2 protein chains.
Amino acid sequence: MSMTEEEKTRYELQSYMFKALAHPVRIQLLDRLKTRSWCVCELAVEVGIDKSVASKHLSQLKEAGLIDDEKRGTQVEYRLVAPCVLELANCAVGMVLENRKRKLGLA
Amino acid sequence: MSMTEEEKTRYELQSYMFKALAHPVRIQLLDRLKTRSWCVCELAVEVGIDKSVASKHLSQLKEAGLIDDEKRGTQVEYRLVAPCVLELANCAVGMVLENRKRKLGLA
DNA sequence: TGCAATGTTTCCATTATTAGCAACAAGAGG
DNA sequence: CCTCTTGTTGCTAATAATGGAAACATTGCA
C-alpha cells in the first residue's frame with residue numbers, strides 16, 4: 001500500500017537471505033564449514049546427498065553471500081564468509097525452544 | 001552420515017525458524033510490528049493482501065516464536081516478541097548487498 | 001591423447017508454499 | 001435473537017523448491 005520501491009527491495013533482499021538459511025541441509029553445510037574449508041564431494045558424503053544436490057545448495061548459500069569458493073585443481077573448496085550467521089542460527093533455535101517451553105508451560 | 005539425532009533436530013529447528021523469515025510479506029509484517037501492536041485487519045490493508053493470507057503469515061510467525069497475539073473483543077492484536085530479529089534482518093540485507101558490491105567490483 | 005576425478009547444469013517427477021475465495025467461528029451490540 | 005465485525009480454517013489452482021539421474025565441462029595425470 002504505502003510501500004516505496006526501496007522498502008519493497010529491502011524486504012525482498014532480507015527474505016532472500018533467510019531463504020538461503022531455510023533448509024536443514026544448508027544449515028548443516030554451514031555448520032561443517034565452521035571449522036575449515038570443504039570440497040563439494042566431501043560435503044556430499046558428509047551430509048549423505050548427491051553431489052549435484054550439494055552443489056546446488058552450496059550455490060544458493062554463495063549467492064546469498066554466506067560462503068565463498070575457490071578452485072583447487074579439479075575440486076572446489078567452499079569456506080564460510082560470515083561466521084556470525086551460525087551464532088545467529090543458534091540464537092534462532094534458542095528462541096524457538098523457549099517459545100515451545102512457554103507454550104507447554106501454559107497449556 | 002555421522003549425524004546424531006540431536007544434531008538433526010537442531011538443524012531442523014534452525015531451518016524452521018529461518019523459514020518463517022523467508023518471505024517478503026512476513027518481513028514486512030514484522031517491520032510494522034516494530035513500532036506497536038496491530039490487528040490482523042490493519043496489517044492486511046497495510047500490506048495489501050487478503051485477511052486470510054495475513055492471518056496465515058502471522059500464524060507462521062507466531063509458531064516460530066517471533067510474535068505473540070492477544071484477543072481484544074472481535075479482533076486479535078499481534079505484537080513483536082523478539083525485536084532483535086529485525087536487527088538481524090538488517091544485518092542480513094547488509095551482507096547480501098556487500099556481497100553483490102564485491103562481485104560487481106571483481107566482474 | 002586418453003582417462004579418471006570433480007563440479008555444474010539440465011531435465012523431470014515429486015513435494016511444499018502461496019494467494020484468494022468461501023465457509024465457518026467468536027464476540028460485540030442493537 | 002439477529003447482525004455486523006473480525007479472524008481462522010478449508011479448499012483449489014498456480015507457483016516454487018527439492019532431489020536425483022544423466023549429460024556436460026574442467027582439470028590433473030599417466
Side-chain angles (χ1 to χ4, degrees), chain A residues 1 3 8 11-30 32-33 36-64 66-79 103 107, chain B residues 1 3 8 11-30 32-33 36-64 66-79 103 107:
Chain A
M1 233 38 180
M3 178 166 49
K8 194 181 159 197
Y11 297 139
E12 281 168 359
L13 276 176
Q14 290 175 340
S15 61
Y16 178 75
M17 171 80 186
F18 289 124
K19 208 173 285 187
L21 294 166
H23 194 291
V25 165
R26 289 194 289 272
I27 298 284
Q28 191 179 359
L29 291 171
L30 288 175
R32 290 296 175 278
L33 294 172
R36 62 169 174 92
S37 294
W38 295 63
C39 67
V40 179
C41 58
E42 279 180 310
L43 288 169
V45 171
E46 180 76 11
V47 176
I49 54 179
D50 192 84
K51 61 179 181 175
S52 67
V53 178
S55 176
K56 278 180 280 192
H57 280 304
L58 290 165
S59 170
Q60 192 170 349
L61 290 169
K62 186 185 164 190
E63 275 303 305
L66 297 170
I67 62 178
D68 211 344
D69 64 343
E70 189 175 0
K71 289 213 67 171
R72 287 218 190 281
T74 63
Q75 53 190 35
V76 177
E77 281 195 349
Y78 280 91
R79 68 185 182 81
K103 275 185 184 167
Chain B
M1 235 36 179
M3 178 167 49
K8 194 181 159 199
Y11 297 139
E12 281 169 358
L13 275 176
Q14 289 175 340
S15 61
Y16 178 74
M17 172 80 187
F18 289 124
K19 207 173 284 187
L21 294 166
H23 195 290
V25 165
R26 289 194 288 273
I27 298 284
Q28 192 180 357
L29 290 171
L30 287 174
R32 290 295 176 280
L33 293 171
R36 61 169 175 91
S37 294
W38 295 63
C39 67
V40 179
C41 57
E42 279 180 310
L43 288 169
V45 171
E46 181 75 10
V47 176
I49 55 179
D50 192 84
K51 61 179 181 175
S52 68
V53 178
S55 175
K56 278 180 275 195
H57 280 304
L58 290 165
S59 170
Q60 193 170 349
L61 290 169
K62 186 184 163 190
E63 274 305 305
L66 297 170
I67 62 177
D68 211 343
D69 64 343
E70 190 176 359
K71 289 214 67 171
R72 288 216 189 283
T74 62
Q75 53 189 36
V76 177
E77 281 197 349
Y78 280 92
R79 68 185 182 81
K103 275 186 187 167

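In the text below, chain A, chain B and the rest are named by the order of the sequence lines, each starting its count at 1. Everything numeric in this text was worked out from a predicted model, so none of it was measured.
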Are any side-chain N or O atoms of A:S15 and backbone N or O atoms of A:Y11, one a donor and one an acceptor, separated by less than 3.5 Å?
->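 Present.
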
Qualifying residue, where the test is side chain to side chain contact (heavy atoms under 4.5 Å, CB included) with A:I49 and the options are A:L43, A:V25, A:L29 =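 Between A:I49 and the candidates, side chain to side chain contact (heavy atoms under 4.5 Å, CB included) is satisfied uniquely by A:V25.
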
What is the ring orientation for B:F18 with A:F18, classed by angle as parallel under 30°, tilted 30 to 60°, or perpendicular over 60°?
->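 Rings of B:F18 and A:F18: parallel, under 30°.
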
Please state how far atom [atom1] in [X] lies from atom [atom2] in [N], giving the value in whole angstrom units.
X     : N      : atom1 : atom2 : answer
B:D69 : D:dT6  : CG    : P     : 17 Å
B:L58 : D:dT8  : CG    : P     : 7 Å
A:E12 : D:dA16 : CD    : P     : 12 Å
B:R72 : C:dA28 : CZ    : P     : 12 Å
A:W38 : C:dT6  : CH2   : P     : 15 Å
A:K71 : D:dG28 : NZ    : C1'   : 11 Å
A:L29 : D:dT18 : CG    : C1'   : 14 Å
B:F18 : C:dT17 : CZ    : P     : 17 Å

What is the minimum heavy-atom distance between [X] and [Y], and which atoms define it?
X     : Y     : value
A:A54 : A:V40 : CB-CG1, 4.2 Å
B:M17 : B:A64 : SD-O, 3.8 Å
A:R32 : A:W38 : O-NE1, 2.9 Å
A:K51 : A:A44 : CA-CB, 3.9 Å
B:Q28 : B:E46 : NE2-O, 4.3 Å

[X] vs [N]: side-chain N/O to OP1/OP2 distance below 4.0 Å:
X     : N      : answer
B:Y78 : D:dT6  : no
B:H57 : C:dA19 : yes
B:Q75 : C:dA26 : no
B:H23 : C:dA19 : yes

Closest-nucleotide 5' rank along DNA chain D - winner of A:A22 and A:G73 =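 The answer here is A:A22.
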
Toward the 5' end of DNA chain D, which comes first, A:I49 or A:T74, by nearest nucleotide?
->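 First, find each residue's nearest nucleotide; the 5'-ward one identifies A:I49.
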
Within the sub-3.5 Å range, which N or O atoms of nucleotides 9-13 of chain C have a protein N or O partner, and how far apart are they?
residue : atom : partner : partner atom : Å
C:dT10  : O4   : A:K56   : NZ           : 3.3

Charged N to carboxylate O below 4.0 Å: is that the case for B:E77 and B:R79?
->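 Result for this pair is no, no salt bridge flagged.
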
Close side-chain approach of A:E70 to A:V76, heavy-atom, < 4.5 Å =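 With C-beta onward as the side chain, the pair stays apart.
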
Can you name the atoms? Protein N/O to nucleotides 1-3 of chain D N/O, anything below 3.5 Å, with the distance.
none

Checking all strands, does A:E77 fall into the base, sugar-phosphate, or nothing category for heavy-atom contacts under 4.0 angstrom?
->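 Since no nucleic acid heavy atom lies under 4.0 Å of A:E77, the category is nothing.
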
Passes side chain to side chain contact (heavy atoms under 4.5 Å, CB included), A:L21 versus B:Q14? Steps please.
-> CA-CA 8 Å; A:L21 294 166; B:Q14 289 175 340; over 6 Å; no

Expected rows: protein N/O vs nucleotides 23-25 of chain D N/O, under 3.5 Å:
none

Could you please spell out the steps behind the side chain to side chain contact (heavy atoms under 4.5 Å, CB included) verdict for A:L58 and A:D69?
-> CA-CA 9 Å; A:L58 290 165; A:D69 64 343; over 6 Å; no

